[in-house]
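Structure, as structure tokens:
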Amino acid sequence: MKLISTFLKDLKLSLRSYYIYIEIIMALLIIAVLLFVVPDNMSSGYRLLVHLDIENAEISQVVEQFMSKNDSSMIDEQIFADLDISKLAEEELEASESEEPGVQTIELVDSVELLRTGMEEDRNTVGMVVSFNEETAKLAMEFVLQGYESEQMRNLLQAQFAAPMTALLPGYVDQTELTVLDEAAEKLPAKVNLLPVLLLLNSSFVGLFIIAAYIFMDKEEGTIRALTVTPLRIREYLLSKVGIMLLTGIVTGSMTVLAVAPRHVHYGHFLVLMISFNLFGSALGLLIGSFYDTLTKSMGSLYLVIIVLALASVSYFMPAFSPLVIRLLPSYPMLFAIRETLLKSPDIGYIYTWAGVFIAIGLVLFALAEWRYRKTITV
Amino acid sequence: MIDVRNLSYSYSHNKSYAIRDISFEVGEGEVFALLGPSGAGKSTTQGILTGLLPIQTGEGEVAGFDLRHMSRDLFNSIGVSFEQSNVYGKLTALENLAFYRKLFDVETEDPMELLKMVGLDHVANKRAGDYSKGMKHRLTFARSMINKPKLWFLDEPTTGLDPTIAGQIKDIVLKRKQEGTTILLTTHNMFLADQLSDKVGFIVDGELKLIDTPRNLKLKYGQRLVQVDYYQDGELVSETLSLAEAGEKHRLSEIVAAGNIETMHSREATLEEIFIKVTGRELVYNEAD
């Protein structure tokens with residue numbers, strides 16, 4: 001009863017102060033950006049300028065058509081039947097529309113000079129000069145790079161063009177074996193794929209940002225002293241604040257997924273994760289706040305923790321970069337668990353394992369925070 | 001109702017004590033005033049007794065609860081009126097009191113009745129943040145009565161109030177005293193302490209110098225004086241004469257015999273004069289205390 005009364009009082013105070021509206025405005029901004037700014041699909045690829053240094057007209061036409069991303073039907077299968085490049089050209093077209101890194105658009109230029117000029121004008125461009133050796137009947141490719149491309153990118157370019165082009169030539173036998181680890185791997189649209197990071201920071205970790213501010217507000221107003229001379233327990237006082245953070249997180253999180261990914265999200269799983277991660281964030285915010293007597297003094301530590309937790313988003317967007325130090329961050333499994341709730345076939349085991357783990361950690365942090373506040377709340 | 005022995009407290013947990021070796025008792029229905037200048041240790045003592053500060057050394061009981069094993073149930077029996085107003089500025093006065101009454105497990109006062117008592121009923125639905133300092137102070141005072149406390153802690157209850165309102169607050173305290181409420185009053189206001197208290201304790205530099213009733217203190221440390229205004233050769237003359245001195249008693253007889261007296265008042269030493277005499281310190285008030 002005391003907890004409910006305190007929660008209702010805190011809710012009233014929240015609605016009459018501006019912190020909760022900041023959270024709601026942030027959620028609305030996120031929704032607006034995702035709906036109106038972020039495209040459905042984002043490309044991280046390169047533009048490729050190609051100069052064909054081939055005198056043999058037939059070969060030149062084959063290669064030119066291979067490079068063409070606009071219309072694979074242009075390829076004359078009667079003339080080049082033995083080269084079977086039509087399938088390859090279609091694959092190239094698909095690749096050019098995907099979100100994968102690599103070459104996304106291909107443009108033919110008439111000279112090496114034009115290729116270099118084009119690269120200087122657009123630094124997201126790489127160049128390729130293709131030549132044909134009549135004696136050996138082999139194609140040769142020279143890549144012209146800006147200089148900052150990674151080794152992986154260089155390998156990718158070779159893989160994307162060298163092998164397929166070699167396959168154009170007669171007598172080529174493909175011995176490549178392809179194994180897929182997860183046949184059911186699902187790719188989310190770009191704006192939905194961004195949701196886990198934004199939901200984690202704005203809705204799950206709302207308590208980490210704000211709960212300490214609520215406590216310090218009570219301290220400044222002196223009302224915390226008045227409460228400590230009533231039968232209300234410190235645990236009930238803190239739980240009420242956690243409840244407000246939970247409500248705020250669920251409201252802003254639900255608003256966001258309803259607006260951006262209403263048909264993607266599994267609401268039940270999503271709600272469980274919001275509760276679990278929000279409890280963790282609030283308990284952590286309470287514990288950090290307990291070491292300080294003003295909001296200003298606590299800001300440095302809170303900011304540092306938030307920045308460190310946000311580092312996990314780097315590995316979320318670049319799975320190839322996931323060193324142990326990032327995988328150990330709590331936010332790392334949180335991001336992927338939220339992502340699971342947005343997939344058609346979510347991994348229920350993964351979701352509920354991490355939900356349970358963070359509820360347990362949240363409870364431990366809350367108990368520590370309560371112990372700290374018992375000693376420090378009025379001193 | 002209160003029984004504490006050898007209380008000491010250091011904010012820095014070293015030998016720099018805010019209070020040192022304080023012992024006193026307050027019986028049921030008594031009003032005990034803790035008097036002292038700024039920084040003397042009044043609020044620290046009250047902080048320990050109300051559980052706001054943890055007990056460090058010494059022992060004691062408040063309303064039957066051991067200070068070392070304090071239960072939240074204690075707070076059903078006590079009320080605390082803070083010197084600094086501490087109400088929710090974003091809630092109305094009525095909402096403030098309505099919330100606090102739900103925190104107690106005992107019968108509570110009607111919030112509106114309390115607001116009437118302190119003269120805030122006409123602004124009951126106004127947010128406390130829009131109140132003047134005096135109004136907030138009255139709301140804090142009213143809140144301390146919400147659970148009908150058996151033991152009432154009052155920290156500077158009339159500070160910052162205009163004389164009329166201060167008089168009303170004093171009357172409320174007197175009424176509660178008559179109803180049997182035990183009161184611990186911490187104040188620098190000797191007049192208030194004199195009017196309300198059964199016992200007073202002088203505290204200076206964290207040490208309780210003496211405890212006694214105001215009457216005994218006046219008898220022990222004060223002088224019985226008479227202030228007389230009379231006409232002499234057509235001019236008004238004023239003299240203060242001690243009844244303890246034989247010469248001055250004789251002088252008073254002469255003035256009375258001359259029959260030209262305009263006014264004559266007996267005058268006792270004030271608690272403030274006695275405080276200065278006992279402690280060698282003045283009661284300078286500082287709001288930050």
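Below, chains carry the letters A, B, ... as their sequence lines are ordered, and counting in each starts from 1. Owing to the predicted nature of the structure, the values given are computational and were not obtained by experimental measurement.
- Scanning all heavy atoms of the two residues, the minimum distance from A226(A) to F82(B) falls at CA-CE1, 3.8 Å.
- Within 6.0 Å of CZ in R233(A) there are 12 or fewer heavy atoms belonging to other residues, nucleotides or ligands.
- Sparse packing is recorded around CD of E107(B), with 12 or fewer heavy atoms of other residues, nucleotides or ligands lying under 6.0 Å away.
- By the ring-ring contact (aromatic ring centres under 6.0 Å, His included) test, Y19(A) is found to be paired with Y214(A), residues two or more places apart in sequence or in another chain being considered.
- Taking a 6.0 Å sphere around CG of L29(A), one finds it holds more than 12 heavy atoms contributed by other residues, nucleotides or ligands.
- Under the side chain to side chain donor-acceptor pair (under 3.5 Å) criterion, K177(B) pairs with D198(B), not counting sequence neighbours.
- Proximity to chain A among residues 56-80 of chain B is limited to R72(B), F75(B), N76(B), V80(B), judged by heavy-atom separations below 4.5 angstrom.
- In this structure, NZ in K12(A) is found 10.5 Å from CZ in F99(B), a value given to the nearest 0.5 Å.
- If you take CG on L52(B) and CZ on R225(A), they are separated by 5.0 Å, rounding to the nearest 0.5 Å.
- Most heavy-atom pairs under 4.5 Å with chain B: of the set M1(A), K2(A), M217(A), R16(A), this distinction falls to R16(A).
- Heavy atoms closer than 4.5 Å to chain A are found nowhere in S144(B), neither backbone nor side chain.
- The two residues E221(A) and G89(B) make their nearest non-hydrogen contact at OE2-N, 2.7 Å.
- Atom-to-atom distance recorded for R101(B):CZ and S5(A):OG is 11.0 Å, nearest 0.5 angstrom.
- Residue Y267(A) qualifies as enclosed at atom OH: its count of foreign heavy atoms under 6.0 Å is above 12.
- The distance from atom OH of Y100(B) to atom OG1 of T223(A), rounded to the nearest 0.5 Å, is 5.5 Å.
- Listed by chain and number, the residues in a ring-ring contact (aromatic ring centres under 6.0 Å, His included) with F24(B) are F32(B) (sequence neighbours excluded).
- Heavy-atom distances place both the backbone and the side chain of L227(A) under 4.5 Å from chain B.
- In this structure, the separation between CG on N86(B) and CD on E220(A) is 13.5 Å, given to the nearest 0.5 Å.
- By number of non-hydrogen pairs under 4.5 angstrom with chain A, the leading residue of T50(B), T140(B), V87(B), N96(B) is V87(B).
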